[in-house]
Amino acid sequence: RQVVEDGPNYRTERLLYWTRPGLQSVAYLLTPKQSRLPAPGVLCLHGHSSGGKDEALDPDSIYRGFGRSFAEAGCVVLCPEQIGFGERAFSDDKVTYNVLVHGLNMVGHTLIGLRYWDLVRALDLLEKEPSVVKKRIGVMGLSLGGEMTLFLAALQTRLRAACVCGYLSTHINSFLDRPHCTCGHLRDLAKHFEHVDLAALIAPRPLFIDTGSRDKMFPDRDARRLVRQLREVYDLFARPQPHLGIHVHGGGHELSGVRSVPWMLERLRERDE
């Protein structure tokens with residue numbers, strides 16, 4: 001690990017770690033200085049962007065610097081780099097997403113599977129940090145980051161809360177309706193599960209959706225309908241209204257954070273039931 005920034009409010013370190021034999025990942029770890037430690041932790045996931053994890057910290061990007069927002073609010077933040085971006089970008093022009101996705105399928109793997117396991121290891125890493133309260137970890141991401149937030153939160157009950165930005169809608173009005181990057185395709189997924197089915201696996205843990213009214217890739221009308229459907233699931237667990245929420249902001253395919261970041265902070269600081 002290497003310190004890359006030591007500011008007045010938090011310290012930023014670059015971590016290099018193995019996620020499986022022969023495969024390394026890299027992440028930024030932000031540790032607050034003005035808060036009592038251990039503190040809640042947040043996994044902040046970037047989407048398609050040349051800057052990768054760096055954009056999750058950039059206030060001028062479509063991520064609105066949400067990683068920094070959590071650190072400044074007193075959380076320990078881990079921003080992992082996803083395969084294909086930033087320091088993990090493909091160096092050879094021959095390695096395109098089509099080559100990677102179909103090549104992985106030929107040998108019995110999927111890109112989503114590799115990325116999912118990378119994030120499981122990132123969660124393991126964050127849990128083991130002495131500065132983190134391991135039962136108070138949330139995950140939040142935009143676009144591809146929102147997709148991986150959905151899969152990770154659905155399958156990892158260790159996560160206390162999840163916020164999906166710019167993704168949750170329906171298969172029929174997104175990946176089955178218009179050209180999308182092939183990294184979002186998973187064989188037979190839409191045959192068995194819609195977005196709402198995957199999101200229902202998160203219940204009764206808190207879930208929030210941050211989506212734009214001008215996002216042409218993931219329609220907000222579908223996100224609103226999904227929340228209405230999920231309310232019936234959360235009602236089965238007698239969960240209060242704040243456990244499931246949505247903010248439809250006026251932007252496009254971007255993260256707002258105006259309501260989603262405070263929501264996440266509230267959920268991570270709530271008393272254990």
Side-chain angles (χ1 to χ4, degrees), residues 7-12 27-46 53 55-59 61-80 119 122-123 125-127 129-142 145-146 148-150 152-153 156-168 199 202-212 223 227 230 234 239-249 251 254-273:
N9 298 319
Y10 54 85
R11 180 179 66 253
T12 303
Y28 287 139
L29 178 70
L30 283 64
T31 305
K33 292 183 174 181
Q34 308 298 327
S35 303
R36 177 183 297 178
L37 299 177
V42 185
L43 279 171
C44 292
L45 310 184
H46 69 82
K53 65 185 183 304
E55 293 199 27
L57 304 180
D58 183 358
S61 73
I62 59 174
Y63 302 91
R64 302 291 184 268
F66 74 121
R68 292 186 185 273
S69 296
F70 283 119
E72 290 169 353
C75 294
V76 179
V77 175
L78 188 68
C79 301
L119 294 176
L123 176 57
L125 195 67
L126 190 56
E127 263 193 340
E129 279 294 314
S131 57
V132 174
V133 180
K134 64 182 299 183
K135 292 185 177 181
R136 295 181 179 274
I137 298 177
V139 59
M140 181 172 175
L142 170 68
M148 298 315 300
T149 291
L150 175 63
L152 191 67
Q156 294 293 319
T157 56
R158 295 179 286 168
L159 287 163
R160 188 182 184 97
C163 180
V164 178
C165 310
Y167 177 76
L168 266 178
I202 298 173
R205 289 168 293 139
L207 171 64
F208 196 87
I209 300 173
D210 182 319
T211 193
V227 170
L230 282 180
Y234 277 78
R239 282 298 185 258
Q241 197 72 23
H243 271 63
L244 175 65
I246 183 172
H247 177 214
V248 180
H249 56 81
E254 57 192 293
L255 186 154
S256 165
V258 171
R259 287 180 54 188
S260 52
V261 170
W263 177 91
M264 179 66 78
L265 292 171
E266 289 178 11
R267 302 292 80 77
L268 295 181
R269 292 167 177 168
E270 284 178 334
R271 291 185 178 182
D272 295 324
E273 298 180 358

On a heavy-atom basis, which atom in [X] and which in [Y] lie closest, and how many Å separate them?
{"X": "K33", "Y": "P8", "answer": "CD-O, 3.8 Å"}
{"X": "L37", "Y": "S131", "answer": "CD2-O, 3.9 Å"}
{"X": "I246", "Y": "V248", "answer": "CD1-CG2, 4.0 Å"}
{"X": "P206", "Y": "I202", "answer": "O-CG2, 4.2 Å"}
{"X": "G74", "Y": "A39", "answer": "O-CB, 3.3 Å"}
{"X": "C75", "Y": "L265", "answer": "SG-CD2, 3.5 Å"}

Using a 3.5 Å distance criterion without hydrogens, assess whether the side chain of [X] forms a donor-acceptor pair with backbone atoms of [Y].
{"X": "R160", "Y": "R267", "answer": "yes"}
{"X": "R11", "Y": "L29", "answer": "no"}
{"X": "N9", "Y": "A71", "answer": "no"}
{"X": "R205", "Y": "L159", "answer": "yes"}
{"X": "S256", "Y": "H249", "answer": "no"}

Practice item. Just say parallel, tilted or perpendicular for the rings of Y63 and F66, cut-offs at 30° and 60°. Key: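 Rings of Y63 and F66: parallel, under 30°.
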Measuring from [X]:[atom1] to [Y]:[atom2], what's the distance to the nearest 0.5 Å?
{"X": "M140", "Y": "M264", "atom1": "CE", "atom2": "CE", "result": "6.5 Å"}
{"X": "F70", "Y": "L57", "atom1": "CZ", "atom2": "CG", "result": "12.5 Å"}
{"X": "L125", "Y": "L119", "atom1": "CG", "atom2": "CG", "result": "12.0 Å"}
{"X": "R259", "Y": "I209", "atom1": "CZ", "atom2": "CD1", "result": "12.0 Å"}
{"X": "L123", "Y": "Q156", "atom1": "CG", "atom2": "CD", "result": "6.0 Å"}
{"X": "R68", "Y": "L30", "atom1": "CZ", "atom2": "CG", "result": "7.0 Å"}

Review point. Do I137 and V132 come within less than 4.5 Å of each other through their side chains, counting heavy atoms only?
Key: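 A side-chain contact under 4.5 Å exists here.
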Practice item. Might you work through the side chain to side chain contact (heavy atoms under 4.5 Å, CB included) test for R239 and L244, ending with a clear yes or no? Key: CA-CA 8 Å; R239 282 298 185 258; L244 175 65; over 6 Å; no
Review point. Has K135 got more than 12 heavy atoms of other residues, nucleotides or ligands less than 6.0 Å from its NZ?
Key: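 No, not enclosed.
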